[in-house]
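This report concerns only the one structure given below.
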Amino acid sequence: MGEAPVIYVENLKDRFSNGFNLRFKGFETSIDVGDKTFVIGSNNNDSISSIEVQIYDKSKGKWVIPTVLGTEPKRYEGHSAILLNEDRIMVITWGSTPDDCIWFLEVDTEYVKQQKKASGTEVVAWSKGVRGDAEKPVVISGPSGVGKGTLINMLMKEFPTMFGFSVSHTTRAPRSMEKNGVHYHFTERSIMEKDIKDGKFLEFASVHGNLYGTSTEAVEAVADSGKRCILDIDVQGAKSVRASSLDAVFIFISPPSVAKLEERLHLRGTETQEQIQKRLQNAKAEIEQGKSSGIFDHILCNDHLEKCYDDLKKLLGLDGTTSTNPKPCKKSHLLINYILHYKAKGLTIYTKISITASKGINLPSKHAASKINNKILIKSETPGSGNPSKNSIVLDVSLLKGGAPSRTRGLNVYAVDPNPFSDSLNGIHKLS
Ligand SMILES: Nc1ncnc2c1ncn2[C@@H]1O[C@H](COP(=O)(O)OP(=O)(O)OP(=O)(O)O)[C@@H](O)[C@H]1O
Ligand SMILES: Nc1nc2c(ncn2[C@@H]2O[C@H](COP(=O)(O)O)[C@@H](O)[C@H]2O)c(=O)[nH]1
């Protein structure tokens, strides 16, 4: 337990007077992690809208511009930065929308370590912070023509408010009935390759000669809408997702036989004879892997469609034991009184706070932040008495989950009661 005021909002141009040209003409913060100083800055110049990261390696006396992965925060007016667990910096942006104000710059997480190893360069990765948890996504995989799309469509039709489809990117050409942004994001290979390099994809694979991939945004957009995400991806993709930070349920759909697959692909009539042969060739290895690799939690055989659909619903808990049309999570505004205690300036302070369960976080536009254990106290920057002021909130970061390249979930937010000493339970207690 201990006091840890850790806001660093200062002009760093004077501090690092070693000739390195800090490019920020707006504002910046610096955080020390081991022998590195991470400088996060943004430009007030209208032509540059992104946030930049530079690293000063104290052991080498050198500046490094790292590879920055993930989707960066949008332009904002300023920020506070706080180091968490020595591996990520929480960046609280000023003047952002309630859904867009908490970010994590990962500097030494497992994901970043892996990326550093793979690229041989210094790497940092952005991950957006989101309140609460999302239901586990469902990964559905299996050979081409087995009926994945058919089963997913049935599920989405019967439970439209419960499930949302992760719209993949692909370099293959659209089929006649397919719509861009609905069935796939149809894209050019060079663009997709750049986005993959920039860390925007949770997984990608070369499938039947084309590039397919699931962007982090595709999955997170579904979760943000309060729905459970369904991914239709091949076995290589499922393997990558299994190895990622995304906690999902993995289901493999197997065909009754390869001959049946061939028949279905012919009847579907969306591929040429040559393409069908290629898909069938790949199917053999996929069936083998699907059944024996240990990637999948469940294997369903799609022989009779209705039977397979019933089995799928059963394993998703939708066989009548739950409501047939569950509602998505609402942006409720539940208020619960709660007693928070923290230590500051040698005092233990008890204060009454309220949990607001809405999805966004309404931050004071200019604020100071300080960290006490796993709680971040954010106070509006109006001069005060030292007590939590009006508009103060507490972010609880003790249950964080996920992270780059996806969202960081599990943030809990509490609004501090502006009048904490209104009843006898609350007050200031001296440390013994
Ligand atoms: N159990 C079944 N019996 C007979 N036909 C089926 C069955 N399930 C699906 N089909 C049909 O098989 C064809 C292929 O199904 P679908 O397009 O859903 O496969 P898929 O696994 O999504 O394929 P791809 O991976 O190529 O997208 C469709 O014409 C569909 O109507
Ligand atoms: N690894 C990924 N595989 C994907 C993705 N989206 C689709 N797929 C798989 O590709 C094949 C072929 O699909 P088709 O639409 O061309 O018939 C099929 O097995 C899909 O499951 C993805 O994002 N990543």
Side-chain angles (χ1 to χ4, degrees), residues 137-157 165-187 192 195-196 200-219 222 229-244 246 248 250-272 275-287 289-290 295-296 300-312 405:
V138 183
V139 173
I140 298 199
S141 198
S144 178
V146 74
K148 302 179 296 296
T150 307
L151 290 162
I152 291 170
N153 285 340
M154 290 166 85
L155 208 53
M156 305 255 301
K157 200 168 167 203
F165 185 61
S166 157
V167 181
S168 295
H169 282 63
T170 183
T171 58
R172 87 151 159 75
R175 294 174 186 145
S176 59
M177 300 301 284
E178 285 179 331
K179 288 200 182 97
N180 192 25
V182 176
H183 299 94
Y184 280 106
H185 298 288
F186 295 100
T187 182
M192 194 165 160
D195 286 346
I196 289 170
K200 295 194 175 146
F201 280 80
L202 186 63
E203 65 78 29
F204 61 92
S206 175
V207 189
H208 319 311
N210 282 299
L211 198 52
Y212 292 76
T214 309
S215 71
T216 303
E217 258 331 289
V219 176
V222 176
C229 185
I230 306 189
L231 290 82
D232 173 347
I233 59 179
D234 86 320
V235 175
Q236 305 168 75
K239 197 172 171 188
S240 303
V241 176
R242 185 54 114 180
S244 79
L246 191 79
F250 293 78
I251 302 170
F252 183 77
I253 312 291
S254 92
S257 65
V258 175
K260 285 270 184 191
L261 266 189
E262 185 164 9
E263 192 182 306
R264 288 179 195 175
L265 284 172
H266 277 299
L267 283 173
R268 189 171 75 180
T270 48
E271 275 72 36
T272 62
Q275 286 165 337
I276 289 176
Q277 288 313 314
K278 193 174 209 174
R279 287 179 180 233
L280 289 173
Q281 206 51 44
N282 294 337
K284 288 170 193 153
E286 288 194 280
I287 295 166
Q289 274 194 51
I295 300 170
F296 296 94
L300 295 179
C301 177
N302 182 17
D303 191 354
H304 302 287
L305 184 60
E306 288 303 330
K307 161 89 175 62
C308 185
Y309 181 56
D310 283 346
D311 291 346
L312 177 63

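Start at 1 and go down the list; that is how both ligands and their atoms are numbered.
- Between V167 and V182, every side-chain heavy-atom pair lies at or beyond the 4.5 Å cut-off.
- Each of the atoms 26 (O) of ligand 1 lies under 4.0 Å from some heavy atom of R279.
- Of all the heavy atoms of P143, the ones lying under 4.0 Å from any atom of ligand 1 belong exclusively to the backbone.
- In this structure, E271 pairs ionically with R279, as a charged nitrogen and a carboxylate oxygen lie closer than 4.0 Å.
- Taking 4.0 Å as the cut-off, V146 counts as a neighbour of ligand 1 on heavy-atom distance.
- Heavy atoms of R172 approach ligand 2 to within less than 4.0 angstrom.
- Listed by chain and residue number, K307 satisfy the salt bridge (charged side-chain N to carboxylate O under 4.0 Å, His left out) test with D311 (two or more places apart in sequence, or in another chain).
- By the 4.5 Å heavy-atom criterion applied to side chains, K200 and T216 are not counted as neighbours.
- For ligand 1, the polar-atom distance check finds an N/O of G147 within less than 3.5 Å of one of the ligand's N/O atoms.
- From the protein, the heavy atom lying nearest to atom 26 (O) of ligand 1 is S144 OG, 2.6 Å.
- Looking only at heavy atoms of the protein, atom 14 (C) of ligand 1 is closest to G145 O, 3.6 Å.
- In this structure, the side chains of L231 and P137 come closer than 4.5 Å at one or more pairs of heavy atoms.
- Between the side chain of K148 and the backbone N or O of G142 there is at least one donor-acceptor pair closer than 3.5 Å.
- Atoms of ligand 2 found under 4.0 Å from any heavy atom of G237, numbered from 1 in the order shown, are 1 (N).
- Close contacts of ligand 1 with D303, meaning ligand atoms under 4.0 Å from a residue heavy atom, involve 1 (N), 2 (C), 3 (N).
- The atoms of ligand 2 that sit less than 4.0 Å from any heavy atom of A205 are 1 (N).
- Nearest protein heavy-atom neighbour of atom 25 (O) of ligand 1: K148 NZ, 2.6 Å.
- Looking at E271 next to ligand 2, no N or O pair under 3.5 Å apart turns up.
- If you look at K148 next to ligand 2, the close heavy atoms, those under 4.0 Å, all belong to the side chain.
- Scanning the protein heavy atoms around atom 9 (C) of ligand 2, the nearest turns out to be D234 N, 3.7 Å.
- Here the straight-line distance linking atom CG of N153 with atom OH of Y309 works out to 10.0 Å at 0.5 Å rounding.
- Contact of the V258 side chain with the I287 side chain is registered, since non-hydrogen atoms from C-beta on lie closer than 4.5 Å.
- The shortest N or O to N or O distance between R175 and ligand 2 is under 3.5 Å.
- Protein heavy atom nearest atom 23 (O) of ligand 2, with residue, atom name and distance: S168 OG, 2.7 Å.
- Proximity of a side-chain donor or acceptor of S141 to a complementary backbone N or O of I233 within less than 3.5 Å is detected.
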> Please walk me through it: do N180 and H185 pass side chain to side chain donor-acceptor pair (under 3.5 Å)?
Replying inline: CA-CA 5 Å; N180 192 25; H185 298 288; 4.7 Å; no
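- Selection from I233, N302, L265 by nearest heavy atom to atom 1 (N) of ligand 1 gives N302.
- At a 3.5 angstrom cut-off on N or O pairs, T214 counts as close to ligand 2.
- Crowding of K239 atom NZ: a count of heavy atoms from other residues, nucleotides or ligands under 6.0 Å not exceeding 12.
- Separation of atoms OG1 (T171) and OH (Y184) is listed at 10.5 Å; rounding is to 0.5 Å.
- No option in V219, V139, L155, V222 other than L155 meets the side-chain contact (heavy atoms from CB on, under 4.5 Å) test with I230.
- E286 places none of its side-chain heavy atoms less than 4.5 Å from the side chain of Q236.
- Remark: minimum distance from atom 16 (P) of ligand 1 to any protein heavy atom is reached at T150 OG1, 3.5 Å.
- The only option from I251, I152, L312 that meets the side-chain contact (heavy atoms from CB on, under 4.5 Å) definition with V138 turns out to be I251.
- For atom 15 (O) of ligand 2, the closest non-hydrogen atom on the protein side is Y184 OH, 2.5 Å.
- Residue contacts with ligand 2: E203 is placed with a nitrogen or oxygen under 3.5 Å of a nitrogen or oxygen of the ligand (distance criterion only).
- Nearest protein heavy-atom neighbour of atom 20 (C) of ligand 2: D232 OD1, 3.6 Å.
- Distances shorter than 4.0 angstrom occur between a heavy atom of R279 and an atom of ligand 2.
- The salt bridge (charged side-chain N to carboxylate O under 4.0 Å, His left out) check on R172 picks up E178, with sequence neighbours excluded.
- Ligand 2 has a nitrogen or oxygen under 3.5 angstrom from a nitrogen or oxygen of G213.
- Taking every heavy atom of G149 and a limit of under 4.0 angstrom, the matching atoms of ligand 1 come to 18 (O), 20 (P), 22 (O).
- Enclosure of atom CZ in F204 is not indicated, since only 12 or fewer non-hydrogen atoms of other residues, nucleotides or ligands lie within 6.0 angstrom.
- In terms of polar-atom proximity, R175 is not counted as a contact of ligand 1, lacking any N or O under 3.5 Å from an N or O of the ligand.
- Atom numbering of ligand 1 starts at 1 in the shown order; those under 4.0 Å from a heavy atom of L305 are 1 (N), 8 (N).
- An N or O contact shorter than 3.5 Å is missing between D232 and ligand 1 by distance.
- Ring-centre distance between H169 and F201: below the 6.0 Å cut-off.
- In terms of protein heavy atoms, atom 11 (C) of ligand 2 is closest to V207 CG1, 3.8 Å.
- Between E178 and ligand 2, no N or O atom pair is found at a separation short of 3.5 Å.
- Looking at K307, R264, R268, M154 and measuring to atom 4 (C) of ligand 1, the nearest heavy atom belongs to R264.
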